[in-house]
Student: 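This is the structure I have questions about; it appears just below.
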Amino acid sequence: VQLQASGGGLVQAGGSLRLSCAASGSTASSYAVGWFRLAPGKEREFVAAISWNGVTTYYADSVKGRFSVSRDNAKKTVYLQMNSLIPEETAVYYCAAGASIAAVSVDPNYWGQGTLVTVSS
């Protein structure tokens with residue numbers, strides 16, 4: 001499975017962005033997908049994950065109520081809608097795939113290239 005994140009950019013605090021994670025490979029739609037972020041000087045942080053069929057989602061406490069993860073398996077794409085962004089959420093955002101939500105949230109099998117999100121104050 002190959003993954004490519006896109007949709008990052010510059011946004012003002014309080015603004016919104018939608019990230020996309022395009023997957024390729026015949027089995028891509030059978031994997032849970034997670035989003036992570038890596039900010040300068042910080043450790044990688046789990047953000048959100050979605051099951052292979054989109055039924056189950058899981059969020060880090062810090063983004064609950066502001067971020068929403070969804071997927072369109074026909075397009076082999078997973079989305080991360082980010083609202084009410086704050087400057088501290090400036091980071092490179094990565095998508096990753098794993099066998100389940102539990103697995104992808106701690107030890108993904110596949111990683112995509114990241115996309116930079118910059119939140120200005």
Student: For residues 77-99, tabulate all N or O donor-acceptor pairs below 3.5 Å that involve a side-chain atom, not counting sequence neighbours.
Tutor:
| from | atom 1 | to | atom 2 | distance (Å) |
| --- | --- | --- | --- | --- |
| Thr77 | OG1 | Lys75 | O | 2.9 |
| Gln81 | NE2 | Asn83 | OD1 | 2.9 |
| Asn83 | OD1 | Ser16 | OG | 2.9 |
| Glu89 | OE1 | Arg66 | NH1 | 3.0 |
| Glu89 | OE1 | Ile86 | N | 3.2 |
| Glu89 | OE2 | Arg37 | NH1 | 3.2 |
| Glu89 | OE2 | Arg66 | NH1 | 3.4 |
| Glu89 | OE2 | Arg66 | NH2 | 2.4 |
| Thr90 | OG1 | Pro87 | O | 2.9 |
| Thr90 | OG1 | Val119 | N | 2.9 |
| Thr90 | OG1 | Val119 | O | 3.4 |
| Tyr93 | OH | Arg37 | NH1 | 3.0 |
| Tyr93 | OH | Glu89 | O | 2.8 |

Student: Nearest 0.5 angstrom please: Ile50 CD1 to Ile101 CD1, how far?
Tutor: 7.5 Å
Student: Measuring from Tyr59:OH to Ser105:OG, what's the distance to the nearest 0.5 Å?
Tutor: 14.0 Å
Student: Using a cut-off of 6.0 Å, state whether more than 12 heavy atoms not belonging to Tyr58 lie near its atom OH.
Tutor: no
Student: Can you check side-chain contact (heavy atoms from CB on, under 4.5 Å) on Trp52 and Ser100, steps first, answer last?
Tutor: CA-CA 8 Å; Trp52 72 273; Ser100 65; over 6 Å; no
Student: Which atom pair, heavy atoms only, marks the closest approach of Val106 to Pro108?
Tutor: C-CD, 3.9 Å
Student: Please table the atom pairs, donor to acceptor, closer than 3.5 Å between any side-chain atom in residues 18-36 and protein atoms at least two apart or in another chain.
Tutor:
| from | atom 1 | to | atom 2 | distance (Å) |
| --- | --- | --- | --- | --- |
| Ser29 | OG | Asn73 | O | 3.4 |
| Ser30 | OG | Thr27 | O | 2.6 |

Student: Is there a path of hydrophobic side-chain contacts, each under 4.5 Å between heavy atoms of I, L, V, M, F, W or Y residues, that connects Leu38 with Leu116?
Tutor: yes
Student: Can you tell me how far OG1 of Thr57 sits from CZ of Arg71, rounded to the nearest 0.5 angstrom?
Tutor: 12.0 Å
Student: Which pairs count as disulfide bond (SG atoms under 2.5 Å apart) when at least one residue sits in residues 31-83, sequence neighbours excluded?
Tutor: none
